[in-house]
Amino acid sequence: MQSLSQFAQITLYILLALIGLIALIVLGWQIQVLRGKEMKNTDGSADSLHEHKIFYGIAVADIFLACPLSLIGILLVFISPRLGYYLLAWVSFWFVWANTMTTATSLRFEKPKITLSWLIVFPFGALVGLAYFIWTLVHFDAIY
């Protein structure tokens, strides 16, 4: 981490904070879904186990894989940086895939009004994942 410029370190810390924040929000959201609570989305849809059983699988995957690995990856960046960077690359793939899927589903089936709230709930995670990929490519030599 010492070989990174100050700007690179600051952008990394911002990305780590965003990844951690998103992981904690998704963890809290999915725990509520798993408990059977209907969670309303900003596009008018709702995540409900009672109506769509697929949300059970998504919630389990987020709670037991994606969110813990996100938080472990952030911690590893400070303990074992190379391992943390590798794990966060996989987490970023999850961010891009999951948020692209939910954004496309929202646009296709809900036809929402594109508001700031909708942008944060749906495509923001994909943008954070892409930002981490770009950061990794720009600083590849320094971190690997």
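Heads up: numbering here begins at 1 and tracks the sequence.
- At most 12 non-hydrogen atoms from other residues, nucleotides or ligands lie less than 6.0 angstrom from CD1 of Ile54.
- Here Tyr86 and Tyr144 bring their ring centres to under 6.0 angstrom of each other.
- The distance from the OG atom of Ser70 to the CH2 atom of Trp90 is 14.0 Å, given to the nearest 0.5 Å.
- Ile72 contributes atom CD1, which lies 11.0 Å from atom CG of Leu88 (distance to the nearest 0.5 angstrom).
- Using a 4.5 Å cut-off on side-chain heavy atoms (C-beta onward), Phe140 and Tyr85 make no contact.
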Give every donor-acceptor pair under 3.5 Å between a side-chain atom in residues 15-40 and any protein atom, sequence neighbours left out.
residue, atom, partner, partner atom, Å
Trp29, NE1, Asp47, OD2, 3.0
Gln30, NE2, Asp62, OD2, 2.7
Glu38, OE2, Lys40, NZ, 2.8

Counting only pairs under 3.5 Å, give me each side-chain donor-acceptor contact of residues 111-119, with atom names and distances, residues two or more places apart or in other chains.
residue, atom, partner, partner atom, Å
Lys111, NZ, Arg108, O, 3.0
Thr115, OG1, Trp118, N, 3.1
Trp118, NE1, Ser106, OG, 2.9

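- To the nearest 0.5 Å, atom OG of residue Ser92 and atom CG of residue Leu130 are 8.5 Å apart.
- Cluster annotation: Ile58 and Trp94 are assigned to distinct hydrophobic clusters (Ile/Leu/Val/Met/Phe/Trp/Tyr, side-chain heavy-atom contacts under 4.5 Å, transitive).
- Atom CG of Asp141 and atom CG of Leu4 lie 11.0 Å apart (nearest 0.5 Å).
- In this structure, Gln9 CD and Ile14 CD1 are separated by 12.0 Å, a value rounded to the nearest 0.5 Å.
- Here the closest non-hydrogen pair linking Asn99 and Phe122 is OD1-O, 3.0 Å.
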